[in-house]
Number of protein chains: 2
Amino acid sequence: MKQQPGSAAMPGTLATQDCGACPIRHRAVCAKCDGDELDRLQQMKSYRTWAPGETIALEGDTLPFVGTLVRGCATLTKSLEDGRVQMVGMLMPSDFVGRPGRSAAPYEVTAVTDTTLCLFERQGFERLIADTPHVSTRLLEMSLNELDAARDWMLLLGRKTARERVATLLGLVLRRAATQTAPLRAELPLGREAMASFLGLTIETVSRQISALRRDGVIEVAAGGRTILCPDFATLRLAAGDNDNAEQIFPD
Amino acid sequence: MKQQPGSAAMPGTLATQDCGACPIRHRAVCAKCDGDELDRLQQMKSYRTWAPGETIALEGDTLPFVGTLVRGCATLTKSLEDGRVQMVGMLMPSDFVGRPGRSAAPYEVTAVTDTTLCLFERQGFERLIADTPHVSTRLLEMSLNELDAARDWMLLLGRKTARERVATLLGLVLRRAATQTAPLRAELPLGREAMASFLGLTIETVSRQISALRRDGVIEVAAGGRTILCPDFATLRLAAGDNDNAEQIFPD
DNA sequence: CGCGCGCCTTGACCTGGATCAAATCCGCGG
DNA sequence: CCGCGGATTTGATCCAGGTCAAGGCGCGCG
């Protein structure tokens, strides 16, 4: 868990970018904004970058900001006093961080890769959503997607076997990375520890199940264990035990 | 699982009531509405009642309405094809049912007790939230509360022991029913099966853990097993394994 | 008042995943 | 090219909670 300075870790690239050119412009909380609203957002925004492993917010912290994840990947985790940890969410580009109307974070937010947030000072943002329905409506939409995803995950945590859990997670990552071409392939952003934390399992069990899925020909694993590919997605889907309803774990 | 007619199960009492006199007026989605907005809601609303055990919506159903639970108690459940079931939420008075912007229910909704909903035709409601920020803001607030609750539950399902899970649930029910007086007392709305479904356990394990908590003097159980009381809430809290952060499972 | 039917509880046993403990692999700096 | 440290895999064993199987208990009904 190396803690590097971070703020300057990824200099320049995204500094005070024009919203119009933002790669997630049409998926983030600002998706429905018109020109004027976008201007207003652009006025108040600022960027900040965190290095892998760095803490973006501690459980119970008071956050002076909310924002959108622009680049990278971060995890949300909750823990029990004795050290047991459960990941309760994952942030990917366009996901929203923080909660208007409450300043204390109910979970810890940690950067997995180099991560850049587009930040808005809380008070200003709250005023903004009070009078621009385009933002609050989009935020409602995104929150409901996350709620659905959280509930899908509750089913996984409450009822799925270890094999099904691992297959479900791999399926999600693969679908995300999908390039439409048959042998699906993806580089895992999460290490075994983070996967175990997400799945309510231990590292050892995750590793064993990945090995089992490989033995059974459901997936292939490249050297290093971080890249997986899947010759037949339907087989993986079957191993995940899902009913045919589309999964919603990573909301759009 | 007796399926009674239901629609006429609770005649009169709540039929087309005046919103101003509604017992949950200040907690539901209409909490922030002013007089005009309330009139508009009152125009479009209608009541409907379900009997215990009746299905309000099936997983995947298209719901023509959204609404607020006015009276009773209902469960949200998701299931796997082979019959495994996980409860993913519970609806209590003032909770909102359904999702503006999407018509298919992602889970099954079932009445636990006699349950009355205050219904709004979907299209009309969507138009309403598009131009009354008071409703959409409140709905966002409620959704974020539910999201927090879902994430607390993920921690429970992923990492807590059977004893901790049962203690957590009992603590929630007791706190809800709290009359401030020391020996907390509550009648469980949920039977053992529903509890097991909520907690990601089996009926037998729930029963055994309740017995164990009683043996250990953490709780007392009245004849019939449906009423529990707790001489010392701090002890129960301890058995639940929570850190001191207030739990949010049943959002306000 | 006794009977039957849902629940709930309890007991005996089994197993999936946790725990404890090595190996092995890999990227990296020297 | 070598050695080191962190991540991953694999093996051996344990145990919490699931499964299967009887009982109890309370309640409504004939």
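A note on names: the letters A, B, ... follow the listed sequences, proteins ahead of strands, and every chain is numbered from 1.
- Between the CD1 atom of B/Ile203 and the C1' atom of C/dT10 there is a distance of 14 Å, rounded to whole Å.
- Within the 4.5 Å cutoff, the side chain of B/Gln209 has no heavy atoms near those of the B/Met195 side chain.
- Here A/Asp216 pairs with A/Arg163 under the salt bridge (charged side-chain N to carboxylate O under 4.0 Å, His left out) rule; sequence neighbours left out.
- Remark: P of D/dT19 and CD of B/Glu193 are 13 Å apart, rounded to the nearest angstrom.
- Electrostatic pairing of B/Lys160 and B/Asp152 does not count as a salt bridge here, judged by no charged N lying under 4.0 Å from a carboxylate O.
- Two residues are said to be in side-chain contact when any heavy atoms from C-beta on lie closer than 4.5 Å; A/Asp61 and A/Tyr107 fail this criterion.
- In this structure, CG of B/Leu188 is placed 15 Å from P of C/dC7, rounded to the nearest angstrom.
- Comparing the helix axis at one end of the helix from C/dC1-D/dG30 to C/dG30-D/dC1 with that at the other, each defined from 5 consecutive pairs, gives an inter-axis angle of 30° (nearest 10°).
- Under 4.0 angstrom from either OP1 or OP2 of D/dT8 there lies at least one side-chain N or O belonging to A/Arg226.
- Sparse packing is recorded around CD of A/Glu193, with 12 or fewer heavy atoms of other residues, nucleotides or ligands lying under 6.0 Å away.
- For the pair B/Met90/B/Val112, no side-chain contact is recorded, criterion being any heavy-atom separation below 4.5 Å from C-beta on.
- Regarding A/Leu190, its CG atom lies at a distance of 15 Å from the C1' atom of D/dT8, rounded to whole Å.
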Review point. For nucleotides 12-21 of chain C, read 5' to 3', which letter fits each nucleotide if B means a protein heavy atom sits under 4.0 Å from the base, S means only the sugar-phosphate is that close, and - means neither?
Key: B----SSBB-

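- Going from atom OG1 of B/Thr202 over to atom CZ of B/Arg192 covers 12.5 Å, rounded to the nearest 0.5 Å.
- Once rounded to the nearest 0.5 Å, the distance linking SG of A/Cys73 with CG of A/Asp114 reads 11.5 Å.
- Atom CG of B/Leu213 is separated from atom P of C/dT9 by 12 Å (rounded to the nearest Å).
- For the pair B/Thr110 (side chain) and B/Thr75 (backbone), a donor-acceptor distance under 3.5 Å is absent.
- In this entry the distance linking CD1 of B/Ile210 with C1' of C/dT10 reads 14 Å, nearest Å.
- Where B/Ser211 and A/Ala223 meet DNA chain C, the nucleotide closest to each residue was compared, and B/Ser211 sits on the side nearer the 5' end.
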